[in-house]
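A note on names: the letters A, B, ... follow the listed sequences, proteins ahead of strands, and every chain is numbered from 1. Not measured: the values here are computed from a predicted model.
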Protein chains: 2
Amino acid sequence: MPAGSLSEQQEDVVSIEYFTEENSVACVLARMDQCRNERFREVMRSVITHLHAVVKEVEPTIDEWMEAIQFLTETGKICDERRQEFILMSDTLGVSMLVDAINHRKPSGATENTVLGPFHVAGAPKRQMGDNICLDGKGEPLYMSGRVVDIHGMPVSGALLDIWHSNEDGYYDVQQPGIQPDFNLRGLFQTGPDGRYWFRSVKPRYYPIPTDGPVGKMLMMMGRHPYRPAHIHFIVGARGYVPVTTHVFVRGDTYLESDAVFGVKDSLIIDFVKHDNEREATRLGVDNPFYVAKHDFVLMRTPR
Amino acid sequence: MPAGSLSEQQEDVVSIEYFTEENSVACVLARMDQCRNERFREVMRSVITHLHAVVKEVEPTIDEWMEAIQFLTETGKICDERRQEFILMSDTLGVSMLVDAINHRKPSGATENTVLGPFHVAGAPKRQMGDNICLDGKGEPLYMSGRVVDIHGMPVSGALLDIWHSNEDGYYDVQQPGIQPDFNLRGLFQTGPDGRYWFRSVKPRYYPIPTDGPVGKMLMMMGRHPYRPAHIHFIVGARGYVPVTTHVFVRGDTYLESDAVFGVKDSLIIDFVKHDNEREATRLGVDNPFYVAKHDFVLMRTPR
């Protein structure tokens, strides 16, 4: 049988660099020579470089690598139209807030963004100023008001406020179909020439993000709790202004300093002041005792 | 209405550092103070640090971030018992080979590892030396032989070789149930005291990894082809030795330098030499013309 001139032929290929632990990043990046999408190449270059860096830092065993594969697979499997576990993972690892921060660098004074969250519903009903968006009367009464202004403090007329929040048990209407009325604790309000808004509702409560999936397990293994501090969501926009997606948080909430999704900013924490005053309650159209919250939203002009 | 002593109360919390673009990594890592699993903390520390580094480097738009979320979600959705798209992603980004390399650092001279791949089947039939593992007679005949030895060149008796490969169309039996016979191109062979092995089969062909999922799209956007160069899989083990999971590759294959999963190593490329010799064909029990391939597997002792 012929021996095969292996050693001679190997000399021909001695210049080819096959994949090794040492050259791994360069070897994979070199495969993008034919990539025509410059942006995609830039993104993949960063992803590949840092993926390999993680592997080199942690030196996973084969079993650990397989656990990571399983974790990602289960995260994909649990996603459906009502649940997005990869967004939850992004949220709980601070990635969502980082992307948000990078995309909303603002001049000092404009209202800061925070995460949209998974419970926004398009097409909430339009309300009249002063309307009560709590449709089932459940919870501690809240009267909230303020103004939409530009960065010079001038009122923004015709600004639209899209408002939504959880009930006193920490659930959104969409999480409790048949228990909460449709569009409970949601509403669209439009400002007049004075930029003012005011509405009635109930005080929101802290709540846990879903913990029955892979992200819940990950949080537990990290030694973390799943809670978000109590907040009210707002999207505030107006023609000629950059819309802001944000929350206001209830000062004093237990979880302000450890929001599971890192959404809290100093400027978004406001006082929910408790009042016990029958006459004032009657004037505002709420039951006594009640909470009062005030907050102004500052919009920046759309860049030309 | 009471104004709420907002400015006074803010002074109380001035020392709390909420999440910002600048402190993002430290802020998320600080949440693992209660993590009791030191290894998990180490892994997550690395993952979080590099995830944030990617975001800071590429500064994804909100739409790009959502595309990444969708890509991961679709990758999870397409996984089932017969398909593991996250492993495919790991393979095509060089992560699998890097994990393999890190877990199989070997003394010079021992046969090098490469990826297991998705087509290994446990419980393949045990064969006699010289058996033909090609059950449907389809393809160019191959006679392969060699020895299993230790790093001093001494034969390893009782070594088990688990062998599998694609047919001449580039498909494994499990990809073509009903077309290829069960356990086609698979078999277990056990060496005698001389450490020798020999078997008959057909020459394998290059083939594409699955391209109808998210990873296929990713490869195309990266400007890459999905092909693996022709190879035969081996797992070689023996009592008292570290088992090696590897391939031998067909020297001269078009895709040796651009294996879609980065599995090629210099030492694993061998000659498949074509012979046209009726007498030799008859002696070896193959049709003329035929290919001959020779390769020795070098095992290292299990560390004590």
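- With a threshold of 4.5 angstrom between heavy atoms, B:Ser90 approaches chain A through side-chain atoms but not through N, CA, C or O.
- Checking each of A:Asp91, A:Asp259, A:Asp253 against A:Arg228 for a salt bridge (Lys or Arg N to Asp or Glu O under 4.0 Å) leaves exactly one that passes, namely A:Asp259.
- For B:Met66, the part sitting under 4.5 Å from any heavy atom of chain A is the side chain, from C-beta outward, and nothing else.
- Sequence neighbours left out, the pairs with a member in residues 31-40 of chain B that pass salt bridge (charged side-chain N to carboxylate O under 4.0 Å, His left out) are A:Glu64-B:Arg39, B:Glu38-B:Arg41, B:Arg39-B:Glu42.
- Only the side chain of B:Phe40 has a heavy atom closer than 4.5 Å to any heavy atom of chain A.
- For the set B:Val54, B:Asn37, B:Thr20, B:Leu29, the entry with the most heavy-atom pairs within less than 4.5 Å of chain A is B:Val54.
- Across A:Met89, A:His225, A:Arg105, the residue that shares the most heavy-atom pairs under 4.5 angstrom with chain B is A:Arg105.
- Residues B:Cys27 and A:Phe262 approach most closely at O-CE2, 3.8 Å, considering heavy atoms.
- Interface check for chain A: of the options B:Leu219, B:Leu98, B:Ile69, B:Val47, the most heavy-atom pairs under 4.5 Å are formed by B:Leu98.
- Aromatic ring orientation, B:Tyr197 versus B:Phe199: parallel (interplanar angle below 30°, classes split at 30° and 60°).
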List the steps and the verdict of salt bridge (charged side-chain N to carboxylate O under 4.0 Å, His left out) for B:Glu22 and B:Lys56. CA-CA 10 Å; B:Glu22 292 70 31; B:Lys56 286 173 187 189; over 6 Å; no

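- Contact count versus chain A (heavy atoms, under 4.5 Å) is highest, among B:Gln34, B:Arg224, B:His52, for B:His52.
- The cationic atom of A:Lys203 (NZ for Lys, CZ for Arg) lies less than 6.0 Å from the six-membered ring centre of A:Tyr291 and within 45° of the ring axis.
- For B:Met44, the part lying near chain A is the side chain, with the backbone staying farther off; criterion is any non-hydrogen pair under 4.5 Å.
- Looking at B:Ile102, both its backbone and its side chain come within 4.5 Å of chain A, counting heavy atoms on both sides.
- Atom OG1 of residue B:Thr75 and atom CG of residue A:Leu72 lie 9.0 Å apart, to the nearest 0.5 angstrom.
- With a 4.5 Å cut-off on non-hydrogen atoms, B:Leu256 touches chain A through its backbone and its side chain both.
- Looking at B:Arg45, neither its backbone nor its side chain comes within 4.5 Å of chain A, counting heavy atoms on both sides.
- Heavy-atom distances place the side chain of B:Ser24, and not its backbone, under 4.5 Å from chain A.
- Using a 4.5 Å cut-off between heavy atoms, A:Leu51 contacts chain B through its side chain alone, with no backbone atom that close.
- Between B:Tyr255 and B:Tyr227, the angle of the ring planes stays under 30°, which puts this pair in the parallel group of the 30/60° scheme.
- Heavy-atom distances place no part of B:Glu112 under 4.5 Å from chain A, backbone and side chain included.
- Considering only heavy-atom pairs separated by less than 4.5 Å from chain B, the leading option among A:Ala30, A:Ala293, A:Ala53, A:Gly252 is A:Ala53.
- Looking only at heavy-atom pairs under 4.5 Å with chain B, the residue among A:Met221, A:Lys265, A:Glu74 that has the most is A:Met221.
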Would A:Asn288 and A:Asn277 satisfy side-chain hydrogen bond (donor to acceptor under 3.5 Å, both in side chains), going step by step from the backbone distance to the final call? CA-CA 7 Å; A:Asn288 194 51; A:Asn277 182 330; over 6 Å; no

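- Classified by interplanar angle (parallel below 30°, tilted 30° to 60°, perpendicular above 60°), the ring pair A:His50/B:His50 is tilted.
- Comparing B:Val43, B:Thr49, B:Val95, B:Val25 by how many heavy-atom pairs each has under 4.5 Å with chain A, the most go to B:Val95.
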Chi angles and distances behind the ring-ring contact (aromatic ring centres under 6.0 Å, His included) call for B:Tyr143, B:His275: CA-CA 10 Å; B:Tyr143 186 90; B:His275 291 253; over 10 Å; no

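- Looking at B:Ile48, only its side chain comes within 4.5 Å of chain A, counting heavy atoms on both sides.
- With a 4.5 Å cut-off on non-hydrogen atoms, A:Glu85 does not touch chain B at all.
- Remark: B:Arg279 CZ is loosely packed, at most 12 non-hydrogen atoms of other residues, nucleotides or ligands lying under 6.0 Å away.
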